[in-house]
Structures are given as structure tokens and as C-alpha cells.
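Both ligands and their constituent atoms are indexed starting at 1 by order of listing. The basis for the numbers below is simple: all heavy atoms, side chains too, and nothing from hydrogens, waters or symmetry mates.
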Amino acid sequence: MQIMANKDDECWSRVKGRLRSNVGEDVYSSWFARMDLESISDGAAHLSVPTRFLKSWIQSHYADRVLSCWQAEMPTLQRVDLTVRSPVRQPALLKDDRIPVDELRNDRNNGRPAGGARIGSTSTAADSSDALGSSPLDPRLTFENFVIGRSNTLAHAAAKQVAEGRRGDPVMFNPLYIHAGVGLGKTHLLQAVAFAGNASGQRKVLYLTAEKFMYGFVQALKSQTALAFKETLRGIDVLVIDDLQFLQGKSTQAEFCHTLNALIDSGRQVVIAADRPPADLESLDDRVRSRLAGGLVVEMGSLGEELRLEILKSRVAAVRVHHQGFDVPLAVLEYLARSITHNGRDLEGAINRLLAHNTLSGQPVTLEMAEREVRDLIRPQEPKRVKIEDIQRVVARQYNVSRSDLLSSRRTANVVRPRQVAMYLSKTLTLRSLPEIGRRFGGRDHTTVLHAVRKIEALVTKDPVLADEVELLKRLLQE
Ligand code: ADP
Ligand code: MG
């Protein structure tokens with residue numbers, strides 16, 4: 001029995017590996033990181049996810065891929081069954097969710113080891129602060145520990161400005177909207193804002209993940225305390241919402257929209273992070289999107305090598321507070337900064353591994369050991385996240401037309417073809433839907449986009465010049 005279970009687990013981790021390389025790291029960590037295997041029986045793999053919207057999203061977008069990844073490992077499997085796992089503990093309502101930050105911090109420190117599960121991860125029994133409504137804060141994610149570099153200077157300055165505001169101060173940018181890819185420091189900055197605000201005792205700051213917001217709202221509706229929920233939300237000075245791209249569902253969105261309007265109109269600060277700009281939040285309605293875009297929208301770019309090195313140094317310094325013997329030679333840090341290009345989470349993971357190896361084996365950290373320990377974190381051929389704006393810019397430049405030509409309704413041949421190519425590239429290089437792409441190309445219908453995609457697909461098989469052009473554009477965009 002035991003052996004069987006282990007086998008299933010092994011198989012499951014291979015399936016996850018396939019899924020990860022199939023959908024790419026970003027999609028994987030957004031949708032699949034919290035998917036668990038419950039059991040395998042009757043020809044079906046029973047999987048679970050923590051929320052209903054994850055379930056419906058995966059079912060509608062990735063069901064086939066999940067199944068085929070399973071079948072590649074376990075050919076006899078016929079079905080994949082997805083359920084929502086119940087939280088370990090029924091959360092209380094958002095009656096009094098303004099827990100002092102100290103309590104949150106204590107709770108985290110007692111409840112789980114440092115460096116354990118992070119914000120937004122599956123609820124566990126240790127997550128008692130979660131049960132009170134606010135999402136827990138990680139005591140390490142403060143401004144002091146945030147390293148500033150070229151890619152995040154503006155976001156950091158804006159966040160700092162917001163955090164230093166006092167009750168009643170005029171609000172400069174509202175909402176402050178920060179977007180960036182996975183692991184580039186959004187949660188870190190947002191938690192720093194929440195922590196600084198709470199610590200100063202000046203303002204009531206509530207930090208919530210979008211999921212938590214939805215969950216709180218749904219729970220409140222169920223138990224008919226929706227009014228209390230609204231009052232709570234409106235009774236705070238600063239609302240910080242992380243991972244807004246996960247906000248789903250008509251009624252939660254409507255509620256979110258009310259809350260946003262109520263807070264902004266009464267001069268209270270809203271800070272938001274998401275993995276994409278407001279215009280790309282496809283599931284939100286236009287009013288919310290434009291409200292979000294109406295404040296300050298800042299993007300954080302990828303971490304450059306210098307910044308990665310500084311982050312590594314600061315992580316080592318933080319670890320050394322508790323593990324004085326933990327010495328990491330500069331050459332090792334430089335090696336890590338050079339080779340782990342993907343994101344901040346992997347940098348943190350690398351340090352944790354070196355630490356684990358160092359404390360468990362008692363061996364010093366050397367370059368050779370580092371190379372061995374972090375091999376799987378190094379993904380040199382990681383495909384780059386391509387944005388529709390970049391596609392439009394690069395295509396316009398290559399074909400010598402303007403970007404506004406691409407978005408315009410002009411139908412002359414010298415504009416039509418580049419426009420179709422740009423739409424085709426948007427469909428093949430990004431995860432955006434056809435309607436979304438249509439919207440980003442001057443409000444065109446999704447059928448127009450589909451037509452363009454099919455057209456270029458057909459043409460590249462016949463027209464070698466066009467095929468080369470498309471290849472070149474892809475290379476330019478993915479460099
Ligand atoms: P995101 O929310 O954008 O996915 P996180 O804020 O969770 O990313 O960052 C991932 C990891 O990288 C965290 O451990 C975080 O502390 C670290 N990190 C990212 N950017 C910085 C930075 N500028 N300075 C220090 N640590 C950073
Ligand atoms: Mg985050």
C-alpha cells in the first residue's frame with residue numbers, strides 16, 4: 001500500500017514536471033502550483049485545488065493538457081478529476097480583521113518555520129491569522145530588505161511614498177498599481193507597505209490577496225454578514241490587494257468595484273499588484289480597468305544581474321543572523337547571480353539549499369557544491385514573456401509603419417499585412433485571448449484576429465519570405 005502511494009507520488013511529480021515545461025513557468029506557478037494529488041483510482045487521477053475559480057479555470061483552459069501529461073506517464077489513465085479541497089479550518093468572518101501586525105508576525109513565527117509556505121499558498125492549520133480575514137504578512141518582506149535597482153526604482157519610490165503617508169494626508173496616486181512577472185518583488189513591496197503602515201500605528205492597513213478578498217466576500221454572503229464585510233473594508237485607511245489577476249466572478253468584481261470607488265473617493269489609499277497591466281486584466285469589466293489605470297501604474301522589470309547579486313547578498317546577511325557559520329564566497333554569489341536569471345524566488349531557493357546543505361553536512365559552501373545544488377534552478381532556455389506592446393513596436397519598426405497604423409482601421413496593403421503578422425504573433429507568443437488581442441488592436445472583433453492568425457498560418461507554409469520575416473520577428477521578440 002505504502003509502496004503504491006509512493007509510486008503515485010513519484011508519477012505525480014513527473015506529471016507536474018511535464019506540465020511545467022508544457023505551459024511554461026509563469027502559467028504553471030499561477031495555476032498549477034497548488035494543485036495536489038489526492039488519489040488514483042478507477043482509472044482516474046483525483047486532483048484538488050484550494051479554490052473554486054482555480055478549478056474552473058483549469059478545467060476550461062487546461063483540462064486536455066493535464067490529462068495528456070498524465071497519460072504520458074500513465075497510459076492506462078482515462079480521466080482527471082478535479083475537486084476543491086476544503087480548508088482545514090472554517091475561517092471566521094471578516095468581522096474584526098484589523099489584527100495588529102505584531103500578532104500576525106508572532107503567529108507566523110510560531111506557526112511555521114521561517115522560509116516556509118508563503119503568502120497566498122494553501123491554507124494550513126497553522127494559518128490562524130488567515131482565519132481572521134487578513135492575509136498573513138511575512139516579517140522578512142520589509143523596505144529594509146528590499147534591494148533597489150534599475151528595474152524597480154520607481155515602484156519602490158512610489159510604494160515608499162504611500163507607506164509614509166499619514167492619516168488625512170492628501171493621496172498622491174490612487175490607486176498605486178504595480179505590475180511585474182512572477183518573483184520580481186510585487187508581494188515584497190506590498191507587504192512592506194502594509195508592514196510599515198501598521199507599524200507606524202498611523203493608519204489601518206489591510207493586506208489581502210485577491211483570493212482572500214473573494215473568499216471573505218463569498219463567506220460573508222453565505223452567512224449574510226455581507227454588510228459587515230463592506231463596513232470593514234470601508235473602515236480602513238489603506239487597502240493593499242495582491243495578485244489582482246486572480247479576482248474572478250461577477251459579484252466579487254462588483255463588490256471590488258464598489259470598495260475601490262468608495263475608498264478612492266473618500267481619499268483613502270489603495271495599492272494593488274498584479275502580473276499584468278490593468279488593460280490586460282481580461283476578466284475585469286471596463287469601469288474597473290479604467291479606474292485602476294487612473295492612478296499610478298508602474299511596471300517592475302526583470303531583475304538585472306547586479307540586482308540579483310545584491311538580493312543574494314542581502315539574503316545571506318539575513319540568514320547569517322541566525323547561522324553565523326554560514327559563509328558564502330563572493331564567487332559563489334556571482335555564479336548564482338549570473339546563472340539564475342529567472343526570478344527572486346529561485347534566488348531565495350538557492351540560498352536555502354546552500355544553507356540546508358551546509359548545516360546538514362557541515363561542509364563549507366564552495367562553487368562546486370553550489371553548482372551541484374542549484375542545477376535544476378538554472379533554466380537557460382527559459383522563454384521570455386512577450387508583451388503585445390512589444391510585438392506592435394517591433395513589427396511596426398520592421399515593416400516601417402507606425403504603431404498607430406497597426407491599430408488604425410486603414411486597409412492599405414502595406415498596413416494590413418504587418419497588422420495581421422502582429423496579431424498572429426500576439427496569439428502565438430502570448431497567452432492573451434482572441435477578444436483581448438482584438439481589443440488591443442484598436443478594438444477589433446475576435447473574428448478579425450482569428451482570420452489574421454489563420455491567414456498568416458496559411459501564408460507561411462507557402463511564402464518563404466514571409467516565413468523568414470516571421471521567424472526573425474519571433475527571434476527579435478524572444479531575445
Ligand atoms: P512576486 O510577488 O512579484 O511574485 P515576491 O515579492 O514574492 O515576487 O518576490 C520573490 C522573492 O524575491 C522574495 O523572496 C523576495 O523577497 C525576493 N525579491 C524580489 N525582488 C527583491 C528585491 N528588489 N529586493 C529583495 N528581495 C527581492
Ligand atoms: Mg506575489
Closest heavy-atom approach to atom 18 (N) of ligand 1 among His156, Glu348, His188 is made by His188
Polar contacts were defined as any N/O atom of the residue lying under 3.5 Å from an N/O atom of the ligand; does this apply to Gly185 and ligand 1? yes
> Would you say ligand 1 has an N or O under 3.5 Å from any N or O of Val147?
Replying inline: yes
Heavy-atom donor-acceptor pair, Arg289 side chain to Leu281 backbone, under 3.5 Å: yes
Margin query: Could you tell me if Lys16 sits above the aromatic ring of Phe32, with its cationic atom closer than 6.0 Å to the ring centre and no more than 45 degrees from the axis?
Written below: no
The answer for which part of Leu141 has a heavy atom under 4.0 Å from ligand 1 is side chain
In ligand 1, the atoms that come under 4.0 Å of a heavy atom of Ile311 are 20 (N), 21 (C), 22 (C), 23 (N), 24 (N), 25 (C), 26 (N), 27 (C)
Review point. Is the CZ atom of Arg287 crowded by more than 12 outside heavy atoms at less than 6.0 Å?
Key: no
For Arg150, look at atom CZ and say whether over 12 heavy atoms of other residues, nucleotides or ligands are found less than 6.0 Å away.
no
One finds that the ligand 1 atoms under 4.0 Å from a non-hydrogen atom of Asn145 are 24 (N), 25 (C)
Partner of Val332 under side-chain contact (heavy atoms from CB on, under 4.5 Å), picked from Val316, Leu312, Val365, Asp327, is Val365
Practice prompt. Give a yes/no verdict on whether any heavy atom in Gly149 is under 4.0 Å from an atom of ligand 1.
Written response: no
- Crowding at CD, Glu306 (>12 non-hydrogen neighbours, <6.0 Å): no
N or O pair under 3.5 Å between Val182 and ligand 1
no
- Query: Can you find a non-hydrogen atom of Gly183 under 4.0 Å from ligand 1?
  - Reply: yes
The answer for which part of Thr187 has a heavy atom under 4.0 Å from ligand 1 is both
| message | I'd like to know whether Arg65 forms a side-chain hydrogen bond (donor to acceptor under 3.5 Å, both in side chains) with Asn22, so could you lay out the CA-CA distance, the side-chain angles of the two residues, the decisive distance to 0.1 Å, and finally the verdict. | response | CA-CA 8 Å; Arg65 287 208 238 183; Asn22 188 301; 2.9 Å; yes
The answer for which part of Leu189 has a heavy atom under 4.0 Å from ligand 1 is neither
